[in-house]
Protein chains: 2
Amino acid sequence: MSDLRDPRDLRVPDATVARLATYLRVLSTLVDRSVVTVSSEELAHAAGVNSAKLRKDLSYLGSYGVRGVGYDVRTLSEQISHALGLSTHHEVALVGVGNLGQALAGYGGFASRGFRIAALLDADPRLVGAVIGGRIVHSVDDVATVVKEHSITIAVLAVPAHVAQEVCDRLVDAGVTSILNFAPAVLSVPEHVDLRKVDLAAELQILSFHESRKAAAAMAKVAGS
Amino acid sequence: MSDLRDPRDLRVPDATVARLATYLRVLSTLVDRSVVTVSSEELAHAAGVNSAKLRKDLSYLGSYGVRGVGYDVRTLSEQISHALGLSTHHEVALVGVGNLGQALAGYGGFASRGFRIAALLDADPRLVGAVIGGRIVHSVDDVATVVKEHSITIAVLAVPAHVAQEVCDRLVDAGVTSILNFAPAVLSVPEHVDLRKVDLAAELQILSFHESRKAAAAMAKVAGS
DNA sequence: TAGATTGTTAATCGATTAACAATC
DNA sequence: TAGATTGTTAATCGATTAACAATC
């Protein structure tokens with residue numbers, strides 16, 4: 001009995017977890033197209049990765065493929081969904097309903113992929129009480145109550161950088177254990193809290209880096225190396 | 001002469017490039033606070049990384065620190081800025097001015113960190129001609145003209161997933177060489193084009209994965225291992 | 001000179017990938 | 001059985017980090 005390990009015991013590499021989300025998205029399109037079976041080669045191609053990597057990624061979840069045949073689209077979809085914890089419900093709060101926050105509040109891609117924004121919060125008294133996308137905006141002062149009432153575990157942070165750490169602290173105090181940070185600020189959280197960040201300007205700066213490399217390469221070519 | 005290598009010749013690891021953007025952001029706050037000198041230990045702490053990693057990252061750009069003293073904030077700022085190609089101007093087009101696109105068009109974080117959205121494009125005839133944030137919305141049919149006129153090299157893609165590849169192809173044909181994709185779709189581009197993606201729902205799914213791990217761990221603890 | 005801190009080395013760690021035995 | 005494709009091994013590659021010689 002003790003060597004029949006629960007897949008949850010196995011450590012799944014971070015890089016793999018990130019790709020599982022992509023595989024799941026691709027599998028959803030296959031389900032929609034009523035595709036029954038898919039090979040690692042096909043799925044990998046559709047996900048933009050190497051097939052060995054895909055098989056290795058899937059092997060962390062267990063053996064759900066059939067040699068000589070491939071993977072059952074629906075089964076694999078369910079397994080990945082389960083591995084990502086999407087079979088249990090996670091309540092999400094969105095903090096900061098400014099420019100970016102409002103767009104995130106209305107973003108259809110969250111709902112279609114398993115997330116519902118249960119609550120909106122903001123510090124601006126002019127926004128508190130307003131209704132956005134059918135949900136009322138609560139005051140950040142009530143964060144403890146709101147988090148408890150909606151059993152919120154995940155928060156999306158879209159507040160100005162200079163208040164991000166303070167708001168983050170309040171969320172953690174209220175019991176939030178995962179934070180997705182859009183504020184361009186480095187946040188520190190206790191060990192039991194997971195933190196991810198999306199830095200929009202940094203993404204453009206990374207592209208800018210490669211742009212100038214390409215420009216330099218083009219220069220060198222013209223100059224005749 | 002030939003062994004005085006241009007820093008551009010040295011390959012900078014991808015992971016380093018991504019962090020350079022963070023260092024630059026932290027350095028900007030130090031400039032604002034009139035801090036003159038910073039040690040790798042201090043800067044690393046502020047950026048949320050290990051100091052050895054920071055020094056190794058900076059070493060790819062050259063030697064701009066002074067042993068026993070640290071780094072001159074302004075000089076280092078300029079060097080990183082230069083390395084990221086921010087001293088040359090990159091024109092950005094935003095394609096898809098729906099929910100998310102409008103938020104990105106109005107996002108202050110781009111301008112403050114060196115990027116100007118030079119043009120907006122959309123396929124919806126009801127939006128074409130509209131003025132958003134002082135910029136007129138062009139038709140995607142005019143992408144070739146718009147890209148040429150504004151010398152655009154970078155495009156931000158915020159269109160629905162099912163048209164993302166098509167729009168991407170048109171951008172590439174028009175001469176765009178870097179694309180930041182917000183559409184939940186796997187895109188393929190020619191080798192000379194750089195592609196980065198931001199998958200908002202995937203970010204939540206990754207957090208969900210860790211949430212369910214934490215829940216399972218808490219369960220195991222209660223059950224008494 | 002003594003103290004501090006960089007830049008670099010080398011060891012370690014984690015992720016990728018080709019190759020192929022297992023097996024449907 | 002023959003053909004196809006998985007799951008896994010082992011080699012390789014790239015990134016991280018501790019440690020310290022170089023040097024301000």
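Because only heavy atoms are used, hydrogens play no part in the values below, and waters and symmetry mates are left out as well, while side chains stay in. All chains are named by letter (A, B, ...) in the order of the sequence lines, taking the proteins before the strands, and each is independently numbered beginning at 1. The structure displayed is predicted, hence computed values, not measured ones.
- Side-chain N/O atoms of A:Arg19 include one lying less than 4.0 angstrom from OP1 or OP2 on C:dT16.
- Among the nucleotides C:dT17, D:dG7, D:dT17, the one closest to the side chain of A:Lys56 is C:dT17.
- Consecutive pairing runs in DNA chain D reach the stem threshold at C:3-24 with D:3-24, where a stem means at least three Watson-Crick or G-U wobble pairs with distances under 3.5 Å.
- Between B:Leu58 and A:Asp14, the residue anchored nearer the 5' end of DNA chain C, judged by the nucleotide with its closest heavy atom, is B:Leu58.
- Contact annotation: B:Ser40 side-chain N/O to C:dT6 OP1/OP2 distance is under 4.0 Å.
- Put simply, B:Tyr71 has a side-chain N or O that comes within less than 4.0 Å of OP1 or OP2 on C:dG7.
- Remark: P of D:dT8 and CG of A:Asn50 are 17 Å apart, rounded to the nearest angstrom.
- Residues A:Glu166 and A:Arg170 are paired through a salt bridge, judged by an N-O separation under 4.0 Å between the basic side chain and the carboxylate.
- Shortest non-hydrogen contact noted between B:Lys214 and A:Thr177 is NZ-O, 2.6 Å.
- In the set D:dC24, C:dA19, C:dT16, the nucleotide with an atom closest to the side chain of A:Ala52 is C:dA19.
- Taking the nucleotide of DNA chain D with the nearest heavy atom to each of A:Glu41 and B:Arg55, the more 5' of the two is matched to A:Glu41.
- Spacing between atom OH of A:Tyr64 and atom C1' of D:dT6 amounts to 15 Å, rounded to whole angstrom units.
- The base of C:dT23 lies outside donor-acceptor range of the side chain of A:Arg67, with no N or O pair under 3.5 Å.
- Atom P of nucleotide D:dT6 and atom CG of A:Leu76 are separated by 11 Å, given to the nearest angstrom.
- Of the candidates B:Lys56, B:Arg55, B:His45, B:Ser40 forms a side-chain hydrogen bond (donor to acceptor under 3.5 Å, both in side chains) with just one, namely B:Arg55.
- A side-chain N or O of B:Asp57 and one of B:Thr16 form a donor-acceptor pair less than 3.5 Å apart.
- Spacing between atom CG of B:Leu61 and atom P of C:dT6 amounts to 15 Å, rounded to whole angstrom units.
- The existence of a salt bridge linking A:Asp199 and B:Arg113 is confirmed by a sub-4.0 Å separation between a basic side-chain nitrogen and an acidic carboxylate oxygen.
- Residue B:Cys168 forms a side chain to side chain contact (heavy atoms under 4.5 Å, CB included) with just one option from B:Leu187, B:Val163, B:Val193, and that option is B:Leu187.
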